Participant: 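Please find one structure pasted underneath; my questions will follow.
Keep in mind that this is a model prediction, so the values were computed, not measured.
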Amino acid sequence: MTETDGDADESGDVTADSATVEATDASAADAFAAAIGSSEPADLTGKADPEADSEPQDSNAAPSAEGAAEDSAPSTASGGADADTDAAADVGPAAQTSDEHHKAPASSGIVIEIRARVALPARGRSIRGREAANIFSHDLTREVNAALDLTGERGKRLLAHVAALEDHRALTQAVLDNGWVSFLADGSILPRRSGVSDAPMEEGAIALRAPDSLAATVTLPHAGEVRGTAIGSGVTLIVGGGYHGKSTLLSAIERGVYPHVPDDGRELVATVPDAVKVRAADGRAVTGVDLTPFISHLPGNRDTAAFTTTNASGSTSQAASIVESIEAGTSALLLDEDTSATNLLIRDARMRTLVADDQEPITPFVDRVGALAEAGVSTVLVMGGSGDYLDVADRVLLLDSYVLYDATERAAEVAASQPRDTTALADFPMQAPRVPLPSQRTQRGPVRTRSRGTDSLILDREDIDISDVAGVVESGQAEAVAYALRALLEQRFDGDSTLAQCLEDLDALLDDEGLDALDRRPAFLVRPRMVDVAAAVNRYRKLKLA
């Protein structure tokens, strides 16, 4: 075990990067399986990565140890988490993330990295040394040894965790290779236990099964041949009665950008990694966004080609989120009518007759979604209250009591029997690349870079509301977004490079150096997606553009 120096604040909290253990056999998978299946202790003589030592994490900035060391694609289910006290430094997530934080030599085998947060006993601003020494010499070593006992049930859980991760990565690659938006395996349990629990429903849940017309088969390294529902590119409409599972299906697709822990029910659900769910968010900031694809003009002759506001309305905020997501590089938009601005989604024939086009500044999404698909950006939309999208949908998925049906042919028949005036537009004007300006600290006060859960970020005295950014699902991920935002504002934005170029450079930097590139104390950070970093940039009220 390698131990870092730690400073304590008044509460006595410090953090320590605990250990890096390398298996010495060149055949990583075989050696790993043999080690955890044996009653003999694993070989712990491998040298730790010299870059693994880091300064202590700010106690105000680090999430709890139970969520430590998550992967760049964090597990999003709580049902498979190890809640035992001796698993404070949980080796399951760490097995996913060793290459995200500290690069192991190419010749090394499996690397298990354990990170722990230790609260030292204190009196005022002084550490109680004798008690602290006892924690490090007895308590911490006992917990680390327990965590590294990879025999029996613990070893089986770890292998299952790694297998789930590797299958999800392979499934994601299959989605990309086939040009799909998402794949949902037969047998997946999509409903959750409750609105406040991410664990799978235990009783009464209906396992998903693909209609034959939408079925596809993929071969995965551990699960083998898997049949499931393949959602192709273009415009996909999810319909059905209320409470029949429409939003549940969309939520599973949304979370499919991340792997899930074993027994979550959605382990074999994968979505294109850059998919973005967009929603209305009253009051959010918008800076220099071209809203003309959706909003042609505003009262008072306000410019919508480079629209800026600190208090956007529902329709304006969602239109901005769509344009910003496309600029950030998304290939799939996810929308739910329950969280969308109705006047942005549809405008029926009666309302078009009552309110003339020259009086209505909003072009509804239904008129643009087809052209957007032609431009390479697919859409998956939950719609239960309007049939206007039947004309533009490439496929229609019908949910009846959580059973999935392919209603594409029936939807075409309905649209033909009840025709409406064609209002679809042929093109989708793209946002001109925006060029952000650098920002430096000018005010006095403490330097603060942290998050409040997954709802907001704090940069010094500025709060950034990210509660509508659905891709941020873990507090360590939000923390990393805060550090990424500061790095972009103070180090990368130069007034010449576009936002997309800056995000691409940041992503490459994280590939090369891991989360150490954001902060020297990344023990509890979780790698975010660049589309979510872009969302935080776009919600920063002090953002300036060239």
Side-chain angles (χ1 to χ4, degrees), residues 247 250-251 254 274-300 302-330 332-347 360-369 372 377 379-383 385-386 428-432 434 436 452 454-457 462-473 478 481 485 499 529-545:
S247 295
L250 185 69
S251 178
E254 169 197 333
D274 56 13
V276 175
K277 185 177 182 181
V278 292
R279 55 169 296 173
D282 290 339
R284 62 152 289 195
V286 177
T287 304
V289 177
D290 183 2
L291 299 183
T292 55
F294 300 108
I295 303 176
S296 60
H297 60 275
L298 289 174
R302 295 188 62 186
D303 183 19
T304 60
F307 183 76
T308 298
T309 183
T310 58
N311 187 24
S313 67
S315 57
T316 303
S317 65
Q318 189 166 16
S321 293
I322 292 172
V323 174
E324 292 164 349
S325 298
I326 295 170
E327 180 189 23
T330 186
L333 296 171
L334 313 178
L335 295 88
D336 191 329
E337 65 173 336
D338 287 347
T339 56
S340 296
T342 302
N343 59 339
L344 183 69
L345 292 185
I346 56 173
R347 186 168 174 243
E360 175 54 71
I362 297 178
T363 300
F365 188 67
V366 67
D367 292 350
R368 294 289 193 189
V369 66
L372 194 57
V377 180
T379 297
V380 180
L381 171 66
V382 168
M383 178 58 69
S386 172
F428 188 93
M430 292 296 180
Q431 160 96 30
R434 292 178 298 163
R452 290 194 183 102
T454 59
D455 290 335
S456 65
L457 312 177
E462 185 75 16
D463 283 9
I464 302 104
D465 184 359
I466 60 168
S467 57
D468 66 306
V469 182
V472 178
V473 299
V481 172
L485 178 56
L499 175 59
R529 303 183 304 160
M530 288 303 103
V531 287
D532 297 324
V533 174
V537 171
N538 288 316
R539 285 155 180 77
Y540 182 58
R541 296 182 182 276
K542 295 184 178 180
L543 178 66
K544 303 296 182 184
L545 302 176

Participant: V481 versus V469: any side-chain heavy-atom pair under 4.5 Å?
Facilitator: no
Participant: Taking the side chain as every heavy atom from C-beta outward, state whether V278 and S325 have any atom pair closer than 4.5 Å.
Facilitator: yes
Participant: Measure from the side-chain N and O atoms of R541 to the backbone N and O of D463, and report whether any donor-acceptor pair falls under 3.5 Å.
Facilitator: no
Participant: Taking the side chain as everything from C-beta on, heavy atoms only, tell me whether N538 gets closer than 4.5 Å to L499.
Facilitator: yes
Participant: Going through the distances and angles, do F428 and I326 end up as a side chain to side chain contact (heavy atoms under 4.5 Å, CB included)?
Facilitator: CA-CA 11 Å; F428 188 93; I326 295 170; 3.8 Å; yes
Participant: When rounded to the nearest 0.5 angstrom, what distance separates OG1 in T379 from CZ in F365?
Facilitator: 3.5 Å
Participant: What is the minimum heavy-atom distance between E254 and A470, and which atoms define it?
Facilitator: OE2-CB, 3.3 Å
Participant: Of the non-hydrogen atoms in K277 and L250, which two are nearest, and what is the gap between them?
Facilitator: CE-CD2, 4.3 Å
Participant: Work out which heavy atom in T287 is nearest to a heavy atom in Y540; give both atom names and the distance.
Facilitator: OG1-O, 4.3 Å
Participant: Kindly say whether T342 contributes a backbone atom to a donor-acceptor pair with the side chain of S340 at under 3.5 angstrom?
Facilitator: no
Participant: Under 3.5 Å, is there a donor-acceptor pair linking the side chains of S321 and R284?
Facilitator: yes
Participant: Do the side chain of E327 and the main chain of R434 share a donor and acceptor less than 3.5 angstrom apart?
Facilitator: yes
Participant: With a 4.5 Å cut-off on side-chain heavy atoms, are L372 and L333 touching?
Facilitator: yes
Participant: Kindly give the heavy-atom pair with the smallest separation between L457 and A536, and that separation in Å.
Facilitator: CD1-CB, 3.9 Å
Participant: Establish, from distance only, whether the side-chain atoms of S247 and D336 form a donor-acceptor pair under 3.5 Å.
Facilitator: yes
Participant: Does any N or O in the side chain of D455 come within less than 3.5 Å of the main-chain N or O of S467, such that one atom is a donor and the other an acceptor?
Facilitator: no
Participant: From D303 CG over to H297 NE2, what is the distance, rounded to the nearest 0.5 angstrom?
Facilitator: 13.0 Å
Participant: Is a side-chain N or O of R279 found less than 3.5 angstrom from the main chain of D468, in a donor-acceptor match?
Facilitator: no
Participant: For the pair R529 (side chain) and G471 (backbone), establish whether a donor and an acceptor sit closer than 3.5 Å, ignoring hydrogens and angles.
Facilitator: no
Participant: Keeping T304 on the side-chain end and I295 on the backbone end, is there a donor-acceptor pair under 3.5 Å?
Facilitator: yes
Participant: Please report the shortest heavy-atom distance between A332 and T330, naming the atom on each side.
Facilitator: O-OG1, 2.9 Å
Participant: Considering only heavy atoms from C-beta outward, does the side chain of F307 approach that of L298 to under 4.5 Å?
Facilitator: yes
Participant: Ignoring hydrogens and angles, tell me if any N or O in the side chain of Q431 forms a donor-acceptor pair with the backbone of D290 under 3.5 Å.
Facilitator: yes
Participant: Out of curiosity, S456 OG to I466 CD1, how far, rounded to the nearest 0.5 Å?
Facilitator: 7.0 Å
Participant: Is there a donor-acceptor contact under 3.5 Å from the side chain of S317 to the main chain of S313?
Facilitator: yes
Participant: Is there a side-chain contact between R368 and I322, using heavy atoms and a 4.5 Å cut-off?
Facilitator: no
Participant: Looking at CD of E337 and CG of L345, how far apart are the two atoms once the value is rounded to the nearest 0.5 Å?
Facilitator: 7.5 Å
Participant: About how many Å separate CG of D367 and CD1 of I362, when rounded to the nearest 0.5 Å?
Facilitator: 12.0 Å
Participant: Is any side-chain heavy atom of V473 less than 4.5 Å from a side-chain heavy atom of T454?
Facilitator: no
Participant: Any idea which heavy atoms bring P436 and L545 closest together, and the distance?
Facilitator: CA-CD2, 3.9 Å
